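Inspection log for the structure reproduced underneath, given as structure tokens.
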Amino acid sequence: MNGTTAPSPWLPTAPCTPGRCAAHPDPDAGRGALAAGAVLASARLAAGIGAVLLGVLCLPAAALLPASARLALVRYWVRAVVRAFGVRVRFQGAAAVPADRPLLVVANHVSWLDIPLLAAVLPGRMVAKAEVRRWPVLGTIAALGGTLFIDRDRLRALPGTVRAMAAVLAGGGRVIVFPEGSTWCGRAGGRFRPAAFQAALDGGADVQPVRIDYRPTDAAAYVGDDPLGASLWRLAATRGVTADVRILDPLSAGRHRDRRSLAAAAQRAVTEAAVLPHAARPHAARPHAVPTHAASAPAVPPRTVVPRPVPPRPVPPRPVPPRVVAQRAVASDSANLPSSSVHQRDRSRPASASSSRTPA
């Protein structure tokens with residue numbers, strides 16, 4: 001979750017603060033966030049808290065359901081919680097992920113909303129700081145959901161957490177972790193810490209990168225010492241909040257020599273997948289609906305198209321110089337004369353010309 005001000009020689013921290021990020025007008029939103037009315041904000045806040053409490057009341061009954069039904073119920077519940085706060089969600093690439101595939105899911109960390117969003121599309125066992133366990137209501141939900149708690153102030157406890165993550169992955173489960181170690185405002189991000197990626201190498205699981213973006217980011221950002229109540233109210237009081245969740249191509253852990261190179265590859269994939277503004281997105285990258293009957297429609301062989309013959313273009317005659325035209329005309333006239341005329345021309349030559357060739 002969000003960062004803490006407690007000093008620690010190894011604890012990741014972010015420079016994002018509520019005053020500089022969460023309450024700052026988002027330049028990516030154009031005119032900034034549109035504030036909702038107090039009545040609408042109060043209704044959203046009540047609906048969101050009510051959805052959370054309803055899930056808590058249904059937990060004992062949900063524990064008796066089969067695993068597949070329980071996971072489906074969790075997906076519907078967390079989506080209802082997010083929608084109750086007025087957040088519209090767009091998922092991309094979720095259909096390509098097999099349901100029974102062990103994965104180490106890693107994502108950038110912006111808000112507490114990241115947790116229900118990932119649970120809605122890639123449910124698994126979360127890795128969270130130990131302080132979450134003491135939170136009212138949410139701590140109970142996290143514990144019952146199988147969250148792996150890590151004491152971030154104790155560096156010696158880290159190997160034990162990594163072994164627990166590897167055991168879940170080796171058993172065919174999923175583990176969800178935010179390797180930045182702290183929340184960032186969304187306009188900036190932190191370095192992916194390599195410790196969690198050792199669990200993928202030890203457990204023989206692939207790494208599933210996920211990119212999460214919010215518009216406007218200042219409404220959803222939960223950074224620094226921002227109180228949870230203030231974050232909830234800021235989210236409920238903002239109109240048009242949209243979350244983009246992009247499921248990227250998985251990374252094979254076996255193709256990387258160590259956890260550092262694997263962490264760098266995951267961070268590079270998440271960073272390069274930053275969602276562009278709506279006007280700048282290419283048309284092919286926009287999600288589109290596929291008709292349900294497309295898969296059952298019979299295959300139609302492609303039609304053979306025979307190209308029509310193209311007549312040759314007429315070649316204009318080359319221009320002939322006037323001198324050549326005159327010569328051709330004289331030659332034509334001579335060829336058309338009768339044979340007697342030719343002999344008459346020979347006999348009409350002067351005698352001097354003939355006697356000149358006669359020897360004396």
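Every value quoted in this text rests on a predicted model; they were computed, and no experiment measured them.
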inquiry  = Under 4.5 Å between side-chain heavy atoms, counting indirect links through other Ile/Leu/Val/Met/Phe/Trp/Tyr residues: same cluster for Val74 and Leu65 or not?
reply    = no
Pairs of donor and acceptor atoms involving the side chains of residues 156-173, under 3.5 Å and at least two apart or interchain, shall be tabulated with distances.
from: Thr161; atom 1: OG1; to: Ala157; atom 2: O; distance (Å): 3.3

Sole residue of Val106, Thr183, Val127, Ile115 in side chain to side chain contact (heavy atoms under 4.5 Å, CB included) with Phe178 = Ile115
Trp112 and Phe85 aromatic centres sub-6.0 Å = yes
Exam field: side chain Asp202 to backbone Ala199, donor-acceptor pair closer than 3.5 Å = no
request  = Determine whether Gln267 and Arg191 make a side-chain contact, defined as any pair of heavy atoms from C-beta on separated by less than 4.5 Å.
outcome  = yes
query = Is the shortest heavy-atom distance from the side chain of Leu122 to the side chain of Gln208 under 4.5 Å?
reply = yes
query = Do Val121 and Tyr76 belong to the same hydrophobic cluster, where Ile, Leu, Val, Met, Phe, Trp and Tyr are linked whenever their side-chain heavy atoms lie under 4.5 Å apart, directly or via other members?
reply = no
task = Please tell me if the side chains of Val105 and Val175 come closer than 4.5 Å, counting only heavy atoms from C-beta onward.
result = no
key: Heavy-atom side-chain proximity of Arg90 to Thr242 below 4.5 angstrom   = yes
task = For residues Leu251 and Pro209, determine if any side-chain heavy atom of one lies less than 4.5 Å from a side-chain heavy atom of the other.
result = yes
task = Not counting sequence neighbours, list each pair that qualifies as a salt bridge (Lys or Arg N to Asp or Glu O under 4.0 Å) and has a residue in residues 58-70.
result = none
inquiry  = If you define the side chain from C-beta out and look only at heavy atoms, does anything of Ile247 sit under 4.5 Å from Val245?
reply    = yes
message = Count I, L, V, M, F, W, Y as connected when their side-chain heavy atoms are under 4.5 Å apart, and connections chain through other members. Are Leu54 and Val78 then in the same cluster?
response = no
ask   = Is any side-chain heavy atom of Val241 less than 4.5 Å from a side-chain heavy atom of Pro216?
value = yes
message = Quick check: do Arg79 and Phe91 have side-chain heavy atoms less than 4.5 Å from each other?
response = yes
ask   = Given the rule that I, L, V, M, F, W and Y join up when any side-chain heavy atoms are under 4.5 Å apart, are Leu148 and Val177 in one cluster?
value = yes
request  = Taking atom types as modelled, find out whether Ser261 and Asp258 have a side-chain donor-acceptor pair closer than 3.5 angstrom.
outcome  = yes
key: Ile212: which of Leu113, Val110, Val270, Leu117 passes side chain to side chain contact (heavy atoms under 4.5 Å, CB included)   = Leu117
ask   = When you check the gap from the basic side-chain N to the acidic O, do Arg215 and Asp244 get nearer than 4.0 Å?
value = no
ask   = How are the rings of Phe192 and Phe197 set relative to one another: parallel (under 30°), tilted (30 to 60°) or perpendicular (over 60°)?
value = parallel
query = Does Val89 share a hydrophobic cluster with Val52, counting links as ILVMFWY side-chain heavy atoms below 4.5 Å and allowing steps through other members?
reply = yes
note = Hits for side-chain contact (heavy atoms from CB on, under 4.5 Å) against Thr147, two or more places apart or cross-chain, chain-then-number order -> Met126, Ala128, Ala142, Phe149
query = Which distance, rounded to the nearest 0.5 Å, do you find between the CD of Gln198 and the CZ of Arg260?
reply = 9.5 Å
ask   = Between Asp206 and Arg101, is there a salt bridge with N-O shorter than 4.0 Å?
value = yes
query = Do the side chain of Trp233 and the main chain of Ala41 share a donor and acceptor less than 3.5 angstrom apart?
reply = no
key: Inter-residue atom distance Asn108.CG - Asp213.CG, 0.5 Å rounding   = 6.5 Å
